[in-house]
Asker: 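Mind looking over this structure? Questions follow.
We count residues from 1, following the sequence as given.
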Amino acid sequence: MSSLAENRLSFPEGADVVVPLFKLQWSTRAVFEGVAARYGPRTIHVIAPPGTVAELEAAADAESWAAPSLVAHDEDTFFVERFDLTKHGLAQLLDLEASLYPPGWFYQQLLKLGADDGIAGLSDMFLIWDADLLPVDAWPALHDDGALAYAFLQDSSRGNANIVSRWERWIRTVLGVEPAIDPAQESTFVPHHMWFVREHLKTLRARLAVHYDDDTTPWPALMMRSANDFGTFSEFWLYASWAQAQHPDTAPRPHPYPAFGSTTERFFEDGSAPFATAAKQHLGVPLDAPFRPSYADLIAFIEYAYADLGKPLPSSLSFEASERHRLKGRANMHVEELRSPWHTAAD
């Protein structure tokens with residue numbers, strides 16, 4: 001096995017990881033095994049639709065995934081016990097003309113912000129991890145002084161200024177704090193992972209009730225109301241801003257963009273695009289065969305491929321499965337896409 005795949009990074013003892021997962025992808029096994037191998041969380045909690053829960057549990061068992069502490073939860077009823085709110089009921093609260101995204105996009109953010117409301121016994125601090133983010137030459141989850149750590153992973157020089165301005169306005173208006181920024185002005189707050197602390201979330205939700213002068217409506221419903229008011233919100237950015245302003249002594253702190261963001265890559269890959277095709281060829285898997293590689297196998301390919309390319313290992317790879325990432329041209333790509341040898345462009 002690759003020494004990289006065996007190299008454990010710092011992680012708080014007894015802390016959990018939470019991963020919202022809409023659909024089982026070709027890379028899901030490698031991502032979960034990677035999180036387990038590199039960080040060693042107590043439990044990896046997966047929140048998914050019921051069909052995906054069944055498929056995940058069957059695949060992990062049949063393929064002997066190296067992620068032994070995997071627990072799946074039904075997203076459709078995630079908030080029922082606490083608030084008597086179903087996924088469908090929350091979706092009905094969204095004004096499709098006022099909001100910029102479909103209900104499922106917002107619901108995934110609610111699952112992250114409310115993981116501790118739907119998972120009994122969740123650790124007081126837990127790491128949210130996006131299901132398409134593969135750790136490679138990744139970052140420690142703790143700073144040298146013991147503070148919780150995450151990594152800035154998106155260059156700020158390219159992005160949708162209109163969306164960013166709406167996120168900023170949400171933070172200033174609803175939370176009454178200034179949006180957290182990268183002091184070096186090199187990165188945005190789109191890190192694809194984030195440490196959440198239960199006490200921070202508790203005071204953040206209380207602030208929602210204050211803003212709307214409504215202490216009877218459950219906070220997930222207030223968040224959907226805010227999507228109607230502002231068109232969008234950014235779960236990681238709003239949380240980081242609140243924690244930094246209200247809980248500065250215990251707020252997570254980022255690794256600067258040059259430390260890990262300067263090598264991360266993001267590109268379309270649904271299991272049939274250039275990266276997976278090259279991985280299959282290297283691993284001796286027929287191109288038309290099903291492909292759900294282990295973390296160890298994928299890391300072995302990555303180490304080979306990047307040495308052959310003469311490039312440093314990436315800190316992480318984000319595998320985008322949405323077709324829009326295949327079709328968008330270079331003018332609309334992020335820096336992390338443009339630097340990748342695996343991206344596809346429409347022009």
Side-chain angles (χ1 to χ4, degrees), residues 18-23 45-50 52-53 73-119 122 126 128 130-131 160 162-177 179-180 189-192 194 196-198 200-243 245-246 322:
V18 177
V19 185
L21 175 70
F22 178 67
K23 181 181 179 182
H45 292 280
V46 185
I47 313 171
T52 301
V53 167
H73 306 268
D74 181 354
E75 73 168 35
D76 288 2
T77 57
F78 194 75
F79 294 115
V80 168
E81 183 174 349
R82 187 68 184 271
F83 302 116
D84 196 27
L85 288 171
T86 63
K87 178 182 179 181
H88 177 72
L90 282 164
Q92 294 296 105
L93 300 177
L94 192 67
D95 182 340
L96 297 179
E97 293 185 2
S99 59
L100 299 182
Y101 299 98
W105 190 87
F106 292 109
Y107 191 69
Q108 279 249 328
Q109 297 196 49
L110 298 187
L111 294 174
K112 297 173 186 178
L113 290 167
D116 58 320
D117 272 336
I119 300 174
L122 188 65
F126 52 93
I128 299 289
D130 281 359
N160 189 320
N162 175 53
I163 296 295
V164 171
S165 68
R166 287 174 181 253
W167 291 344
E168 289 177 331
R169 189 163 66 89
W170 192 104
I171 292 166
R172 290 191 175 104
T173 305
V174 177
L175 299 184
V177 302
F189 269 86
V190 187
H192 310 292
M194 179 61 66
F196 282 178
V197 178
R198 191 187 298 269
H200 302 173
L201 291 168
K202 181 179 178 181
T203 59
L204 189 155
R205 295 165 191 156
R207 173 61 196 180
L208 281 172
V210 171
H211 171 72
Y212 281 110
D213 192 21
D214 184 346
D215 59 3
T216 59
T217 300
W219 71 264
L222 293 179
M223 287 296 297
M224 292 303 252
R225 178 176 171 182
S226 79
N228 296 334
D229 292 344
F230 297 88
T232 184
F233 53 78
S234 171
E235 82 283 40
F236 290 159
W237 198 7
L238 70 87
Y239 169 81
S241 299
W242 180 257
Q246 299 295 321
S322 171

Asker: Looking at every non-hydrogen atom in both residues, tell me the closest pair between Gln108 and Phe22 and how far apart they are.
Answerer: NE2-N, 3.9 Å
Asker: For His45 and Leu122, which heavy atoms make the closest approach, and how far apart are they?
Answerer: CD2-CD1, 3.6 Å
Asker: Hey, mind stepping through Val190 and His192 against side-chain contact (heavy atoms from CB on, under 4.5 Å) and telling me if it holds?
Answerer: CA-CA 6 Å; Val190 187; His192 310 292; 4.1 Å; yes
Asker: How far apart are the C-alpha atoms of Leu111 and Val18, what are their side-chain angles, what is the distance that settles it, and do they pass the side-chain contact (heavy atoms from CB on, under 4.5 Å) test?
Answerer: CA-CA 9 Å; Leu111 294 174; Val18 177; over 6 Å; no
Asker: Could you measure the distance from the CG atom of Leu110 to the CZ atom of Phe79? Nearest 0.5 Å is fine.
Answerer: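 The CG atom of Leu110 sits 5.5 Å away from the CZ atom of Phe79.
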Asker: Hey, what do you get for CZ (Arg198) to OG1 (Thr203), rounding to the nearest 0.5 Å?
Answerer: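 One finds 13.0 Å between CZ of Arg198 and OG1 of Thr203.
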Asker: May I have the step-by-step check of salt bridge (Lys or Arg N to Asp or Glu O under 4.0 Å) for Lys112 and Asp130, ending in yes or no?
Answerer: CA-CA 10 Å; Lys112 297 173 186 178; Asp130 281 359; 3.1 Å; yes
Asker: Testing the basics here: between Leu85 and Ala221, what is the closest heavy-atom pair and its distance to 0.1 Å?
Answerer: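 It is CD1-N, 4.5 Å.
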Asker: side-chain contact (heavy atoms from CB on, under 4.5 Å) between Leu201 and Trp219: does it pass, once the steps are laid out?
Answerer: CA-CA 11 Å; Leu201 291 168; Trp219 71 264; over 6 Å; no
Asker: Locate the shortest heavy-atom distance separating Ala131 from Pro20; write the atom from each residue and the value.
Answerer: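 The answer is CB-O, 3.6 Å.
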Asker: Quick check against the 3.5 Å criterion: does Gln109 have a side-chain atom that pairs as donor or acceptor with the backbone of Glu235?
Answerer: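 Here the side-chain-to-backbone pair exists.
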Asker: Would Leu90 and Phe106 satisfy side-chain contact (heavy atoms from CB on, under 4.5 Å), going step by step from the backbone distance to the final call?
Answerer: CA-CA 10 Å; Leu90 282 164; Phe106 292 109; over 6 Å; no
Asker: What class does the angle between the rings of Trp105 and Tyr101 fall in, given that below 30° is parallel, 30 to 60° is tilted and above 60° is perpendicular?
Answerer: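 It falls in the parallel class, under 30°.
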Asker: Should Leu238 and Leu204 count as side-chain neighbours, where that means a heavy-atom distance under 4.5 Å?
Answerer: yes
Asker: Looking at Tyr107 and Glu75, would you say the former's side chain and the latter's main chain have a donor-acceptor pair under 3.5 Å?
Answerer: yes
Asker: Mind listing the closest non-hydrogen atom pair of Asp76 and Pro50 along with its distance?
Answerer: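 Looking at all heavy atoms of both residues, the closest pair is OD2-CD, 3.3 Å.
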Asker: Return a table of donor-acceptor pairs under 3.5 angstrom between the side chains of residues 226-234 and protein atoms on other chains or two or more places apart.
Answerer:
unit_1: Ser226; atom_1: OG; unit_2: Trp170; atom_2: NE1; d: 2.8
unit_1: Ser226; atom_1: OG; unit_2: Met223; atom_2: O; d: 2.6
unit_1: Asn228; atom_1: OD1; unit_2: Asp95; atom_2: N; d: 2.7
unit_1: Asn228; atom_1: ND2; unit_2: Leu93; atom_2: O; d: 3.0
unit_1: Asp229; atom_1: OD2; unit_2: Tyr212; atom_2: OH; d: 2.7
unit_1: Thr232; atom_1: OG1; unit_2: Trp167; atom_2: NE1; d: 3.1

Asker: Could you give the distance from OG1 (Thr217) to CG (Leu208), rounded to the nearest 0.5 Å?
Answerer: 11.0 Å
Asker: About how many Å separate CG of Leu222 and OG1 of Thr216, when rounded to the nearest 0.5 Å?
Answerer: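 One gets 8.5 Å once the value is rounded to the nearest 0.5 Å.
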Asker: Strictly distance-based, threshold 3.5 Å: is any side-chain N or O of Arg82 a donor or acceptor partner for the main-chain N or O of Gly118?
Answerer: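 Not at all, since once roles are kept as given, no pair shorter than 3.5 Å links the two residues.
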Asker: What's the separation between atom CZ in Phe78 and atom CD1 in Ile47, rounded to the nearest 0.5 Å?
Answerer: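 Answer rounded to 0.5 Å: 3.5 Å.
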Asker: Would you name the heavy atoms of Trp237 and Ala180 that are closest together and state the gap between them?
Answerer: NE1-O, 2.7 Å
Asker: Does any non-hydrogen side-chain atom of Gln246 lie less than 4.5 Å from one of Leu175?
Answerer: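 Side-chain contact under 4.5 Å: no.
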